[in-house]
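All heavy atoms count here, side chains included; hydrogens, waters and symmetry mates do not.
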Amino acid sequence: TREQTPDDLLKQADTAMYQAKADGRSTVRAFDAAMQKKVDKRLRIHNQLRDALRNHELMLYYQPQHMVATGELIGAEALIRWQHPTRGLLSPASFIPIIENHPLGIDVGKWTIEAALTQIEVWRKAGLHVPISVNIGARHLLQPDFIMHLRGMLSRHPGAQSQDLELEILETSAVEDFVQVSQLMALCERMGLRFALDDFGSGYSSLTYLKRLPAYLLKIDQGSIRDMLEDPDDIAILDALLA
């Protein structure tokens, strides 16, 4: 192998630094060949996703939400898919984690909200009132121009009402910057939008967060409900949360 130049070392240090950032705060990572392969794969997917946005390869599937007691359709959750030109239909697990801490994640988030608003308009014209829930990353939500872009998207879709759009954020993401997230949630709520707090119980699960985050809907993590019919502790905790 050729001798490493100072530029090579600086690039490798940058790679290790970005990997440490991606793995969370207060971490240290040392550069190695496996890390370079991982970075190369990430860069390749980033470039392909930019093309996917331009070439309309992304699509939303809609999972219906029903009231268990009555069977009534009360909404739908938007689930993103990528119709890759060579790999076929890809689930979000194959590309969303790779762009969570990248500006592309914001671009995909904007596309998702716009596509959901378009679908709401289509359904309303057909006589269907089906609110849509959209997952949103904390990085996207905390952008300084988030509210401005959101208002712009709503104005471009006059056939969709703000209360038809529900923004869903992970509990763990919401509490990383609790004060700012709660303020933004309150602003969105005043615009008529609703928030859902997803995977509640998988992270911090403080009752303080439950009290102060203005979420309309609480989606309890499956680990907290899986044994609720057998474990009296589980049902007691759930009873307290519901109350």
Problem - Evaluation steps, side chain to side chain contact (heavy atoms under 4.5 Å, CB included), between Phe195 and Glu189 - result: CA-CA 8 Å; Phe195 263 90; Glu189 196 176 51; 5.9 Å; no
Exercise for the section: Report yes or no: do Leu165 and Leu79 belong to one cluster of Ile/Leu/Val/Met/Phe/Trp/Tyr joined by side chain heavy-atom distances under 4.5 Å? Expected result: no
Problem - Shared hydrophobic cluster for Leu238 and Leu229 (ILVMFWY, side-chain gaps under 4.5 Å) - result: yes
Practice task
Taking the side chain as every heavy atom from C-beta outward, state whether Lys110 and Gln143 have any atom pair closer than 4.5 Å.
Solution key: no
Practice task
Find out whether Ile113 and His149 are in side-chain contact, i.e. whether some heavy atom of one side chain is under 4.5 Å from a heavy atom of the other.
Solution key: no
Practice task
Can you measure from CG (Leu90) to CG (Leu49) and round to the nearest 0.5 angstrom?
Solution key: 9.0 Å
Handout entry: Gap between atom CG of Asn135 and atom CD1 of Ile169 - 0.5 Å precision
Key = 10.0 Å
Exercise for the section: Identify whether Val134 and Leu73 are in the same connected component of the hydrophobic contact network (ILVMFWY, side-chain heavy atoms under 4.5 Å). Expected result: yes
Problem - Backbone of Ile98 reached by a side-chain donor or acceptor of His46 within 3.5 Å - result: yes
Problem - Interatomic spacing from CG in Leu58 to OG1 in Thr112 - rounded to 0.5 Å - result: 7.5 Å
Handout entry: With sequence neighbours excluded, residues passing salt bridge (charged side-chain N to carboxylate O under 4.0 Å, His left out) with Arg156
Key = Glu114
Handout entry: Value rounded to 0.5 Å, distance of CG in Leu242 from CD1 in Ile237
Key = 12.0 Å
Handout entry: Closest contact, heavy atoms only, Ser133 versus Glu168
Key = OG-OE1, 2.7 Å
Problem - Considering all heavy atoms, the nearest Arg81-Pro92 contact - result: NH1-CD, 3.2 Å
Exercise for the section: Find out whether Leu193 and Leu154 are in side-chain contact, i.e. whether some heavy atom of one side chain is under 4.5 Å from a heavy atom of the other. Expected result: yes
Completion exercise
Between Ile106 and His140 the two heavy atoms that sit nearest each other are CG2-CD2, 3.7 Å
Practice task
Could you tell me whether the side chain of Phe146 reaches within less than 4.5 Å of the side chain of Ile136, counting heavy atoms only?
Solution key: yes
Exercise for the section: Answer yes if the side chains of Asn47 and Arg44 hold a donor-acceptor pair under 3.5 Å, and no otherwise. Expected result: no
Handout entry: Heavy-atom side-chain proximity of Leu187 to Arg190 below 4.5 angstrom
Key = yes
Exercise for the section: Check whether any side-chain heavy atom of Met59 lies under 4.5 Å from a side-chain heavy atom of Leu89, and answer yes or no. Expected result: yes
Practice task
Would you kindly confirm whether Ile120 and Leu128 end up in one hydrophobic cluster when ILVMFWY residues are joined by side chain heavy atoms under 4.5 Å apart?
Solution key: yes
Exercise for the section: With rounding to the nearest 0.5 Å, note down the distance linking SG in Cys188 to CZ in Arg151. Expected result: 8.5 Å
Problem - Pairwise side-chain contact, Leu142 with Gln180, heavy-atom cut-off 4.5 Å (strictly under) - result: yes
Practice task
Determine the minimum heavy-atom distance between Ala160 and Glu121, stating which atoms define it.
Solution key: N-CG, 3.6 Å
Exercise for the section: Would you name the heavy atoms of Ala115 and Tyr62 that are closest together and state the gap between them? Expected result: O-OH, 3.9 Å
Exercise for the section: Begin with the C-alpha distance, continue with both residues' side-chain angles, and end with the deciding distance and a verdict on side chain to side chain contact (heavy atoms under 4.5 Å, CB included) for Gln48 and Thr86. Expected result: CA-CA 11 Å; Gln48 290 176 352; Thr86 58; over 6 Å; no
Practice task
Could you grab the distance from atom CZ of Arg87 to atom OG of Ser94, nearest 0.5 Å is fine?
Solution key: 5.5 Å
Practice task
Please report the closest heavy-atom contact between Pro131 and Arg194, naming both atoms and the distance.
Solution key: CB-NH2, 4.3 Å
Exercise for the section: Show the numbers, then the answer: is there a side chain to side chain contact (heavy atoms under 4.5 Å, CB included) between Ile132 and Leu60? Expected result: CA-CA 11 Å; Ile132 293 179; Leu60 293 183; over 6 Å; no
Exercise for the section: Kindly say whether Glu57 contributes a backbone atom to a donor-acceptor pair with the side chain of Asn55 at under 3.5 angstrom? Expected result: no
Exercise for the section: Take Glu77 and Gln65 through the test side chain to side chain contact (heavy atoms under 4.5 Å, CB included) and record every step on the way to the result. Expected result: CA-CA 7 Å; Glu77 181 174 358; Gln65 298 170 331; 3.9 Å; yes
Handout entry: By salt bridge (charged side-chain N to carboxylate O under 4.0 Å, His left out) - contacts of Asp51 (at least two apart)
Key = Arg54
Handout entry: Any Leu53 side-chain heavy atom under 4.5 Å of Leu104 side chain
Key = yes
Handout entry: Linked, directly or transitively: Met191 and Leu167 (ILVMFWY side chains, under 4.5 Å)
Key = yes
Handout entry: CD (Glu230) with more than 12 external heavy atoms under 6.0 Å
Key = yes
Exercise for the section: State whether the side chain of Glu72 and the backbone N or O of Met67 hold a donor-acceptor pair below 3.5 Å, judged by distance alone. Expected result: no
